[in-house]
Amino acid sequence: MQKYLRLIRESLKGEQNDFSTGSMKRAMALLAIPMMLEMAMESIFSLVDTFFVGKVSTEALTTIGLTEVCLTIIYSLAIGLSIAPMSMIARFVGEKRPQEAARSARQAIWLSLIISLFIAVPGAIYAPELLRLMGGSEAVVAEGTLYTRIMFGSNAVIMLLFVLNGVFRGAGEATKAMRVLWLANGINIILDPLLIFGVGPFPELGVTGAAVATTIGRGVGVGYQLYLLTNGKSVVNLNIGRWGIDLSMMRRLGRIASTGAFQYIIASASWIFLMRIVADTGGDAAVAGYQVAIRLIIFTLLPAWGLANAAATFVGQNLGAGQVERAKSGVWLALRLITVYMAIIGIFYYLAAPWLIQLFAEEPIAQAPGTLALQIFGLGYFLFGPGMAFSQAFNGAGDTRTPTLLNFIAFWLVELPLGYLLGMGLNWGLSGVCFAVIAANAVLAVLAYFFFQRGKWINVKV
């Protein structure tokens with residue numbers, strides 16, 4: 001027991017950043033513990049928003065559900081962009097080239113700011129149209145437009161938060177990424193009830209308060225990230241080299257980031273279409289219940305994602321150091337842990353779904369669809385793990401094309417047609433959509449295993 005406690009304390013100190021030597025299990029633990037805690041806080045943030053907004057109205061809960069689906073495009077871009085500096089910096093750390101690591105981090109910041117500008121303007125202007133497009137009623141549009149405008153208009157902080165944490169992960173400084181997210185989401189959790197309900201001197205902003213709290217929290221987080229990367233104590237020091245746009249490095253980042261972003265956009269777009277099917281077949285009540293179920297799924301999915309991220313960093317650093325078999329072994333270890341964890345959580349969701357949904361959706365009209373969705377997801381939850389672990393291994397190696405292809409097959413050629421067939425063609429509605437999601441993840445798991453075994457990802461150049 002003492003040994004494990006010492007390992008946890010060491011992982012939270014974050015003193016080791018080169019994981020290409022020494023015990024593999026110890027290295028994976030030192031990477032995975034802070035990354036899982038980081039993702040756990042992101043999960044809590046999502047649930048907190050749902051908990052407090054769910055007490056405002058069904059329309060408010062539907063607003064964050066529909067907006068969140070639209071924002072998944074931004075999250076997808078941000079995660080895709082973060083893959084590029086993460087995989088490149090991990091490789092540079094393994095090769096002992098800190099100047100190149102700093103160079104790629106600076107260009108990743110420029111790339112994030114440029115892309116966020118092209119999203120902020122149209123997103124803020126056409127917020128009502130976006131909500132209508134997603135199937136929101138006029139009551140939802142009236143209550144949620146300002147929330148959606150703020151979330152899209154401030155997307156730069158979302159972009160930078162993900163991308164700069166990708167820099168920390170690639171550098172093996174998972175503890176710093178964890179602290180940043182805990183700070184950002186901790187501020188959001190404190191501000192959420194104050195701004196939503198107007199506690200004390202704070203104005204009562206309703207669902208808009210959730211957007212303001214989120215933006216403030218993430219903005220502070222970005223400021224803290226920049227401080228950590230410029231104080232000279234990080235493996236990546238942004239002060240080494242010039243800040244101007246470096247087209248050569250920008251192209252190298254763009255090559256990985258473009259397919260990395262498209263990889264997640266494919267998955268996100270499928271969720272958008274599925275949400276539209278849920279809205280068309282079940283209305284606001286089904287969307288609200290489905291939204292709660294999805295937030296709960298994400299709550300437990302993100303810690304597993306943190307473990308997969310640890311495998312990505314481990315793969316990148318060990319490939320950079322020429323340790324191919326060690327990189328493979330790390331992926332298999334992560335896969336075993338993720339699958340067992342998600343199987344246990346899936347059983348819990350199936351059994352506890354009615355109680356969990358009632359906790360977050362007070363209006364009875366949203367509870368039945370939410371319970372149904374969570375129980376179906378619980379049945380196939382263990383199938384989400386393999387695709388996640390293998391895909392992140394590819395990404396850590398800089399091979400973003402393979403998971404992009406796999407996502408296209410699983411989510412656009414399987415999930416969307418099957419969701420439409422079951423949800424609308426056979427009139428299964430919400431349950432048809434949920435079964436389509438499980439089927440798509442099963443297909444992704446099989447395909448990802450096949451491509452991992454082929455081993456072409458090992459020879460990718462970054």
Side-chain angles (χ1 to χ4, degrees), residues 17 73-124 152-173 176-177 180 184 215 218-265 312-313 316-317 320 395-396 398 400 460-462:
N17 52 65
I73 298 296
I74 297 176
Y75 295 140
S76 300
L77 282 170
I79 294 171
L81 286 172
S82 72
I83 290 173
M86 183 273 293
S87 60
M88 293 183 74
I89 289 170
R91 194 72 67 94
F92 292 143
V93 169
E95 295 171 350
K96 308 298 188 291
R97 299 167 65 191
Q99 289 187 335
E100 288 299 287
R103 181 183 170 207
S104 61
R106 283 193 300 273
Q107 298 311 303
I109 292 173
W110 280 116
L111 194 58
S112 302
L113 292 174
I114 292 169
I115 292 174
S116 65
L117 180 64
F118 285 96
I119 295 172
V121 176
F152 273 92
S154 63
N155 80 92
V157 295
I158 298 174
M159 288 281 190
L160 289 172
L161 195 67
F162 276 91
V163 168
L164 293 178
N165 266 5
V167 170
F168 289 129
R169 293 188 195 104
E173 297 177 327
K176 290 182 179 177
V180 166
T215 301
R218 285 176 169 157
V220 172
V222 169
Y224 183 48
Q225 286 174 318
L226 293 173
Y227 165 74
L228 293 174
L229 290 169
T230 54
N231 66 3
K233 297 180 181 179
S234 173
V235 175
V236 179
N237 186 350
L238 294 179
N239 293 323
I240 299 177
R242 295 178 298 173
W243 265 99
I245 292 178
D246 181 340
L247 292 179
S248 174
M249 180 58 75
M250 187 81 77
R251 281 193 294 268
R252 292 172 66 182
L253 282 165
R255 186 174 65 251
I256 299 174
S258 58
T259 48
F262 191 53
Q263 168 191 154
Y264 288 98
I265 288 173
T313 299
Q317 289 198 6
N395 288 329
T400 52
V460 172
K461 304 296 182 184
V462 299

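Between A108 and V163, the shortest heavy-atom contact is CB-CG1, 3.8 Å. Considering all non-hydrogen atoms of both residues, W110 and W243 come closest at NE1-O, 2.5 Å. In this structure, I89 and A171 approach most closely via the heavy-atom pair CG2-N, 3.6 Å. For T215 against S154, the heavy-atom pair with the smallest separation is OG1-OG, 3.1 Å. The two atoms that bring L226 and T230 nearest to each other are O-OG1, 2.7 Å, heavy atoms only. Across all their heavy atoms, Q107 and D246 have their closest contact at OE1-N, 2.8 Å.
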| message | Assess the residue pair R255 and R252 against the criterion (side-chain contact (heavy atoms from CB on, under 4.5 Å)); give the C-alpha distance rounded to whole Å, side-chain angles, the decisive distance to 0.1 Å, and a yes or no. | response | CA-CA 5 Å; R255 186 174 65 251; R252 292 172 66 182; 4.3 Å; yes
| Between L228 and S234, does a side-chain contact (heavy atoms from CB on, under 4.5 Å) hold up when you go through it step by step? | CA-CA 7 Å; L228 293 174; S234 173; 5.7 Å; no
| task | Mind running side-chain contact (heavy atoms from CB on, under 4.5 Å) on Q225 and V167 for me, showing each step along the way? | result | CA-CA 10 Å; Q225 286 174 318; V167 170; over 6 Å; no
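Going from atom CD1 of I158 over to atom OG of S112 covers 12.0 Å, rounded to the nearest 0.5 Å. Here CZ of R218 is found 6.0 Å from CZ of F162. Values are rounded to the nearest 0.5 Å. Atoms CD1 and CZ, from I83 and R169 in turn, are 10.5 Å apart once rounded to the nearest 0.5 Å. To the nearest 0.5 angstrom, I245 atom CD1 is 5.0 Å from M250 atom CE. Atom CG of N231 sits about 9.0 Å away from atom CG of N239, to the nearest 0.5 Å. In this structure, T259 OG1 and I265 CD1 are separated by 11.0 Å, a value rounded to the nearest 0.5 Å.
For N237, the side chain to side chain donor-acceptor pair (under 3.5 Å) criterion is met by no residue, not counting sequence neighbours. Remark: S116 engages no residue in a side chain to side chain donor-acceptor pair (under 3.5 Å) (not counting sequence neighbours). Annotation: side chain to side chain contact (heavy atoms under 4.5 Å, CB included) contacts of L113 (sequence neighbours excluded): I109, L160. Scanning for side chain to side chain contact (heavy atoms under 4.5 Å, CB included) contacts around R242 gives an empty result, with sequence neighbours left out. With sequence neighbours left out, the side chain to side chain contact (heavy atoms under 4.5 Å, CB included) criterion links A90 to Q317. In this view, R106 satisfies the side chain to side chain donor-acceptor pair (under 3.5 Å) rule with no residue, not counting sequence neighbours.
Side-chain contact between L253 and P85 is present, with heavy atoms from C-beta onward closer than 4.5 Å. Side-chain contact between F168 and V236: absent, with no pair of heavy atoms (C-beta onward) separated by less than 4.5 Å. Using a 4.5 Å heavy-atom threshold, the side chains of E100 and M249 count as touching.
Between the side chain of T400 and the backbone N or O of I256, at least one donor-acceptor pair lies under 3.5 Å.
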